[in-house]
Asker: 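Shown below is the structure under consideration.
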Number of protein chains: 2
Amino acid sequence: MVDRLPHTLRSDALDNRERILDAARALFSADGLDVPMREIARCAGVGPATLYRHFPTKQVLATEAFADQLRACRTIVDDACADPDPWRGLCLVIEKICELHARDRGFSEAFMSAFPGAPDVADREYTVKAVAGLAQRAKDAGHLRSDFVLDDLILILMANKGIHMRSTDTQVMASRRFAGLAIQAFEACPQQAPLPPAARLVSAAPDSA
Amino acid sequence: MVDRLPHTLRSDALDNRERILDAARALFSADGLDVPMREIARCAGVGPATLYRHFPTKQVLATEAFADQLRACRTIVDDACADPDPWRGLCLVIEKICELHARDRGFSEAFMSAFPGAPDVADREYTVKAVAGLAQRAKDAGHLRSDFVLDDLILILMANKGIHMRSTDTQVMASRRFAGLAIQAFEACPQQAPLPPAARLVSAAPDSA
DNA sequence: ACGCTAACGGACGCCCCCGTCCGTTTAGGT
DNA sequence: ACCTAAACGGACGGGGGCGTCCGTTAGCGT
């Protein structure tokens, strides 16, 4: 059931592992998380058993496959927080994350499906806090509307996930347009109509932004 | 294969037909279009054969099941076009259609999946023209940003479809918030940053709004 | 060069969904 | 009350995804 302790894979095993991850990344990215495990195996040129030996469940496979994207997310947030202009930082977060999700359908699904109370990203709380801080600073600077809540950001990401196009290029283009509209909606502006109340999306956030 | 000409169903047949439609409406609405046909049959208290006899394909069933919603859509658009204030009309379209989709996941899927070049709604072109006219009037009145295109509306509807919550109430609430943000984004406003270019979503529209 | 064992992958059984056939039931006209 | 045909639904065969077992292959240390 579990790999025993040698901790050092044989060269062919390591090779297969990489090929599986590559195939998974490609298929998840293009078709979402619903691709059959066998399809991934076939595409990687291995048998189903080999796939299951390396990654006992799709969850495990996806987690490994999306490690890069997760790191990218973290980097985006860190960069944004480092920006001296918090509003610019927040805009960057929205634009970059939307684009990341637009380019990788599977990551988008995995990222969002795991949202309410997912035990899978350990530093989720840290990231949430960081973005909340960024948003607060943007509000203080008068660039972000004062009734913005963090749930709005999640709302935008969920919505962005709903945008599906055939070609990746069109997808990214549409997503960019969408991000632009979202930013527009978030920008503080003299004659602003009040928004409908926000639905609670992030499980337990005492003061979300 | 096809029902022969008597044109008058037996009372039990008619009854079953209604029960099937009711079940389909309920299940589609709650769980989307992916519910198995057998589940609908089971829920309606009939055998699979009866279901298939009345509705040979899921497409046919869905079309009949969503007739009400489609009429509601049409009514919303007509009402909006009749509104003396075109901006108010456009806002109503966005709010009402988003809510309609939020309340009925299956309808939302059916409506949007059938979008690029669907041969299924005959008066699609009429509706598109009507909304385009409404948008143009809203622009002329100076309430709708001048770089708005009809594709933006489709974009919003696709995005709205991406918002999924457990309870319908939360779903509607989130969707309302989203519609509010969308309207905010569309509103003409002095210091407006230019949006990224729109991706073509509606197949052949020479001058979309 | 050889053997040991890690690693492989074809094949199996399971379950769920699909669409159809056909023997049985029952509505409704006489 | 009876007969006929409309309508029903259980049951079937096909297809596909799932996760696992086990006989075979081949990497690697000696």
Side-chain angles (χ1 to χ4, degrees), chain A residues 1-65 105-106 109-110 113, chain B residues 1-65 105-106 109-110 113:
Chain A
M1 188 67 74
V2 261
D3 283 339
R4 291 311 298 141
L5 277 181
H7 276 86
T8 161
L9 286 173
R10 234 168 60 177
S11 66
D12 57 341
L14 200 85
D15 195 48
N16 277 337
R17 189 188 149 85
E18 280 316 310
R19 294 232 305 286
I20 290 171
L21 277 174
D22 283 344
R25 275 189 270 261
L27 290 175
F28 282 156
S29 167
D31 305 334
L33 290 179
D34 283 347
V35 284
M37 288 292 258
R38 295 185 124 69
E39 174 71 14
I40 297 173
R42 209 173 309 132
C43 185
V46 302
T50 300
L51 173 53
Y52 282 109
R53 193 171 315 112
H54 284 289
F55 308 97
T57 176
K58 191 180 276 190
Q59 168 79 24
V60 171
L61 176 57
T63 302
E64 298 250 13
R105 185 173 155 194
E109 287 176 18
S113 79
Chain B
M1 186 67 75
V2 261
D3 282 340
R4 292 313 297 142
L5 277 181
H7 276 86
T8 161
L9 286 173
R10 235 167 61 176
S11 67
D12 57 343
L14 199 86
D15 195 49
N16 277 336
R17 189 189 150 83
E18 280 316 309
R19 294 232 306 285
I20 290 170
L21 277 175
D22 283 344
R25 274 190 269 261
L27 290 174
F28 282 156
S29 166
D31 305 333
L33 291 178
D34 283 348
V35 284
M37 288 292 258
R38 293 188 125 69
E39 175 71 15
I40 297 172
R42 209 173 310 133
C43 186
V46 303
T50 300
L51 173 53
Y52 282 110
R53 192 173 315 112
H54 283 288
F55 308 96
T57 175
K58 190 179 276 188
Q59 168 77 25
V60 172
L61 176 57
T63 302
E64 297 249 14
R105 185 172 156 194
E109 287 176 17
S113 79

Asker: Measure from the side chain of A:Lys58, starting at C-beta and using heavy atoms only, and say which of D:dA7, D:dC18, D:dA11 lies closest.
Answerer: D:dC18

Asker: How many Å lie between CZ on A:Phe55 and P on C:dA7, as a whole number?
Answerer: 13 Å

Asker: Find the distance between CG (B:Leu9) and CG (B:Asp15) and round it off to the nearest 0.5 Å.
Answerer: 11.0 Å

Asker: Could you tell me which non-hydrogen atom of B:Asn16 sits nearest to which non-hydrogen atom of B:Val46, and how far apart they are?
Answerer: OD1-CG1, 3.5 Å

Asker: Just the rounded figure in Å: distance from P of C:dC8 to CD of A:Glu18.
Answerer: 13 Å

Asker: Please determine if a side-chain N or O atom of B:His54 lies less than 4.0 Å away from the OP1 or OP2 oxygen of D:dA7.
Answerer: no

Asker: Might you point out which heavy atoms bring B:Glu64 and B:Leu21 nearest each other, and give the distance in Å?
Answerer: CB-CD2, 3.9 Å

Asker: Mind listing the closest non-hydrogen atom pair of A:Arg38 and A:Pro48 along with its distance?
Answerer: NH2-CG, 3.6 Å

Asker: D:dA26 P sits how many Å from A:Asp15 CG, rounded?
Answerer: 14 Å

Asker: Would B:Arg19 and B:Asp22 pass as an ion pair if we require N to O under 4.0 Å?
Answerer: no

Asker: Which heavy atom in A:Leu33 sits nearest to a heavy atom in A:Ala62, and how many Å separate them?
Answerer: CD2-CB, 4.5 Å

Asker: Between residues 28-44 of chain A and DNA chain D, which residues have a heavy-atom gap below 4.0 Å?
Answerer: A:Pro36, A:Met37, A:Arg38

Asker: Would you kindly give the CZ-to-C1' distance between A:Arg19 and C:dA7, to the nearest whole Å?
Answerer: 13 Å

Asker: Please name the pair of heavy atoms, one in A:Leu27 and one in A:Cys43, separated by the smallest distance, quoted to 0.1 Å.
Answerer: CD1-CB, 4.0 Å

Asker: Between P on C:dA6 and CG on A:Asn16, what's the gap in Å once rounded to a whole number?
Answerer: 17 Å

Asker: Using a cut-off of 4.0 Å between protein heavy atoms and nucleotide atoms, how would you tag nucleotides 21-30 of chain C 5' to 3' with B, S and -?
Answerer: B----BSS--

Asker: Checking contacts here: which listed nucleotide (C:dC18, D:dC8, D:dG19) is nearest the side-chain heavy atoms of B:Tyr52?
Answerer: C:dC18

Asker: Any chance you could measure B:Arg53, atom CZ, to B:Leu51, atom CG, to the nearest 0.5 Å?
Answerer: 10.0 Å

Asker: How close do A:His54 and A:Ile20 get, heavy atom to heavy atom, and via which atoms?
Answerer: CD2-CD1, 4.0 Å

